[in-house]
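Position 1 is the first residue of the sequence; numbering continues from there.
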Amino acid sequence: MGRRRVNPTRLRWPSQDLNPGAHSPGFCVVLLCECSSGSQGAAPMSLSGPSSLPSPQSGASSFGEKFSRVKFSPSLTLFGGKPMEGWIAVTVSGLVTVSLLKPSGQVLTSTESLCRLRGRVALADIAFTGGGNIVVATADGSSASPVQFYKVCVSVVSEKCRIDTEILPSLFMRCTTDLNRKDKFPAITHLKFLARDMSEQVLLCASSQTSSIVECWSLRKEGLPVNNIFQQISPVVGDKQPTILKWRILSATNDLDRVSAVALPKLPISLTNTDLKVASDTQFYPGLGLALAFHDGSVHIVHRLSLQTMAVFYSSAAPRPVDEPAIKRPRTAGPAVHFKAMQLSWTSLALVGIDNQGKLSVLRLSPSMGHPLEVGLALRHLLFLLEYCMVTGYDWWDILLHVQPSMVQSLVEKLHEEYTRQTAALQQVLSTRILAMKASLCKLSPCTVTRVCDYHTKLFLIAISSTLKSLLRPHFLNTPDKSPGDRLTEICAKITDVDIDKVMINLKTEEFVLDMNTLQALQQLLQWVGDFVLYLLASLPNQGSLLRPGHSFLRDGTSLGMLRELMVVIRIWGLLKPSCLPVYTATSDTQDSMSLLFRLLTKLWICCEAPCPLLPSPCQSTPCLRPPPEHKPLQVAMALP
């Protein structure tokens, strides 16, 4: 998109606002929200590599091609390259302090001056370089003073924390170099790096009592011209031109109303010319806009590079008709409700702010910034962001704010299609995450709300299966690479016999030996598995009803295979401690309930693995089996063949 101007789109948000406040003359002036220890004025010193988000029309099917992992080293590492935990803070007096947490619990702390000539620090921010270095930006609050930058290197020497600082190029705001506006904006009110992992770009805001101006600066490497005399003395210098780092202004706004808060995007996006052009053509703007809140109650979304207005939000408490002249608007008795602090969500589709009255507000930010889109293109935008959240693990609550009930079915189907295109290893990693995502999507539509129960049940079944398999231990330490749980899965998938005892004899039962107290403690989980198998088999006569909970399990061979494995495990543990077995009420005292359920479950599983027009019918004349009376949620009876 570059400097291309985007027509602003005016939207409205509920009136809620908050008060500006200055930094207290206390200890820390840096406040970064991702401090793991929760200390004010601290920033974590180890971050994992961010995923770069390209344009949604890249055409790649693999998540590895859609989202590239950017190399990003931690600030300090332990043995084997493990990141070391710690935090860094900057004080009002120009000191930088670092605390490191060792694995033993010992805390190493050190304090050092940012430079030899210490000065007052009113504003500060911290960013990280790809190599793990820390960059600190400071300002004393006056626009006539330079904005200073320092590189901070942290190391551990002889079990002591060591801090080394280096002065980087500084800058003066351009508004102070203009003679006509030299004294118009006397104070720097906001100083922020554009991204935590982007120390080469910084956003500055200078303000007066009534107005503000915002500037975006970039640190670039430029060639240093060499005089011809030196080139003749040392020809090598002429072949390789020396370079220096220099701050260059990228863009600046015109005079604005007074800025009360700034929120920067967290979504790491690709800023290449190609991706910016595709984003402009498809009107896909998440991560490209930053939010500026003003004292008149409005919020402007501006482009992070050109600072051109992309969208405008006005408080509903003081609406501004477009056709009403400004001179006719009545003045309010007191200060307008305005945001004092704001944060953009991970995908930049929601803005959370606190106003000067202490109220919390949430604003929905459309991926297209309010521009009308075709339904198919809007679905692709949301699908692309859902895939990103599925890969990175970020919460997708802000994406759900933009999903209409009519979109749910298409989104779930397309999300499943993209998931099945991935490798088997990646599918296994993302298996639970996509189930949780489908469940949250299906809650938004009355047509798909019945599926939510099935998705949550699958999540619970996976959790139980993982827990029970993790209790299995190999009989000998020098076992092959396959764990007992893997061998159980392999044998149950290979042997399709309906007799549970014939499947059991192919396993090494000594790997299933557990403490008797542990087995008894697992009885409720085992009872749930048994009740659920009985419920599914009792649902077979109603398999045509899509509204019945558990319908999707009847055609899900993976889940049925998991239940078969658990039935085998329960059978073996029942031989060790019969009291841990699921309890059923049968019409025949000689009926082997576990064997009967396994036989029917296996037939159903075989039909799912090799589709058959006729599923096993439970409505035949056989002994009746039902859960015990105390199991109220599953009061069903079933005739078993």
Side-chain angles (χ1 to χ4, degrees), residues 1-14 53-59 214 216 251 253-254 256 263-294 298-316 319-323 342 344-353 361-389 396-408 410-411 414 444:
M1 291 166 57
R3 294 177 179 269
R4 175 180 177 273
R5 182 175 180 84
V6 181
N7 294 329
T9 303
R10 288 180 172 83
L11 307 173
R12 298 194 179 277
W13 52 280
L53 190 68
S55 64
Q57 308 298 325
S58 58
V214 179
C216 182
S251 55
T253 64
N254 297 321
L256 306 171
L264 299 177
K266 302 177 184 178
L267 190 67
I269 58 173
S270 174
L271 296 176
T272 62
N273 293 332
T274 302
D275 286 321
L276 289 176
K277 184 179 184 304
V278 173
S280 176
D281 295 340
T282 59
Q283 297 181 344
F284 181 78
Y285 301 121
L288 287 177
L290 57 91
L292 300 176
F294 297 93
S298 64
V299 176
H300 290 208
I301 307 298
V302 300
H303 195 278
R304 63 186 296 172
L305 297 180
S306 64
L307 297 182
Q308 298 293 330
T309 302
M310 303 169 67
V312 180
F313 296 81
Y314 290 123
S315 170
S316 60
R320 294 186 169 190
V322 178
D323 55 347
M342 299 187 302
L344 282 167
S345 60
W346 282 111
T347 59
S348 298
L349 295 189
L351 178 68
V352 181
S361 301
V362 178
L363 283 68
R364 291 192 307 170
L365 305 181
S366 170
S368 63
M369 289 299 164
H371 295 282
L373 293 178
E374 296 179 358
V375 177
L377 185 57
L379 282 175
R380 285 198 295 270
H381 287 176
L382 297 177
L383 177 65
F384 187 65
L385 293 174
L386 286 173
E387 292 172 358
Y388 177 77
C389 290
W396 54 92
W397 66 270
D398 51 340
I399 305 177
L400 300 180
L401 298 176
H402 302 270
V403 178
Q404 302 297 326
S406 58
M407 299 180 178
V408 172
S410 298
L411 276 177
K414 293 182 180 297
L444 304 178

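Closest heavy-atom contact between Leu351 and Ala263: CD1-CB, 3.9 Å. When all heavy atoms are compared, the tightest approach of Met342 to Ala291 is CE-O, 3.7 Å. Scanning all heavy atoms of the two residues, the minimum distance from Val408 to Val403 falls at CG2-CG1, 4.0 Å. When all heavy atoms of Arg304 and Leu267 are compared, the closest pair comes out as NH1-O, 4.2 Å. The minimum heavy-atom distance between Pro265 and Gly287, with the atom names listed, is CG-O, 3.6 Å. Heavy atoms only, all atoms of each residue included: Tyr285 and Ser280 are closest at OH-O, 4.0 Å.
Gln283 has its side chain out of reach of Leu377: every pair of non-hydrogen atoms, C-beta onward, lies at least 4.5 Å apart. Leu256 has its side chain out of reach of His300: every pair of non-hydrogen atoms, C-beta onward, lies at least 4.5 Å apart. Inter-residue side-chain proximity for Leu307 and Val214 is flagged as met; some heavy-atom pair is nearer than 4.5 Å. By the 4.5 Å heavy-atom criterion applied to side chains, Leu349 and Pro286 are counted as neighbours. With a 4.5 Å cut-off on side-chain heavy atoms, Leu400 and Leu444 count as touching. Side-chain atoms of Phe313 and Leu365, non-hydrogen and from C-beta on, do get closer than 4.5 Å to each other.
With rounding to the nearest 0.5 Å, the separation of CZ in Phe284 from CG in Leu382 is 9.0 Å. For the atom pair OG1 of Thr347 and CG of Leu385, the computed distance is 5.5 Å after rounding to the nearest 0.5 Å. Going from atom CD of Gln404 over to atom CG of Leu379 covers 10.5 Å, rounded to the nearest 0.5 Å. Within the model, atoms CG of Asp398 and CG of Leu363 stand 13.0 Å from one another, a figure rounded to the nearest 0.5 Å. One distance of note links CE of Met310 with NE2 of His303; it measures 5.5 Å at 0.5 Å rounding. Considering OG of Ser366 and CG of Leu401, their distance stands at 11.5 Å, rounded to 0.5 Å.
By the side-chain hydrogen bond (donor to acceptor under 3.5 Å, both in side chains) test, Glu387 is found to be paired with Lys66, residues two or more places apart in sequence or in another chain being considered.
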Inset, instruction - Output, in order, the C-alpha distance, side-chain angles, deciding distance and verdict of side-chain contact (heavy atoms from CB on, under 4.5 Å) for Leu344 and Leu264. - result: CA-CA 7 Å; Leu344 282 167; Leu264 299 177; 5.8 Å; no
Inset, instruction - Decide yes or no on side-chain contact (heavy atoms from CB on, under 4.5 Å) for Arg380 and Thr282, but give the supporting numbers first. - result: CA-CA 10 Å; Arg380 285 198 295 270; Thr282 59; over 6 Å; no
Legend entry - Stepwise side-chain contact (heavy atoms from CB on, under 4.5 Å) check, Leu288 with Leu271: CA-CA 9 Å; Leu288 287 177; Leu271 296 176; 4.0 Å; yes
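Looking only at distances, a side-chain donor or acceptor of Ser251 sits under 3.5 Å from a matching main-chain atom of Leu305. Distance alone, capped at 3.5 Å, places no donor-acceptor pair between the Arg364 side chain and the His402 backbone.
The closest side-chain donor-acceptor pair between Thr272 and Thr274, if any, does not fall under 3.5 angstrom.
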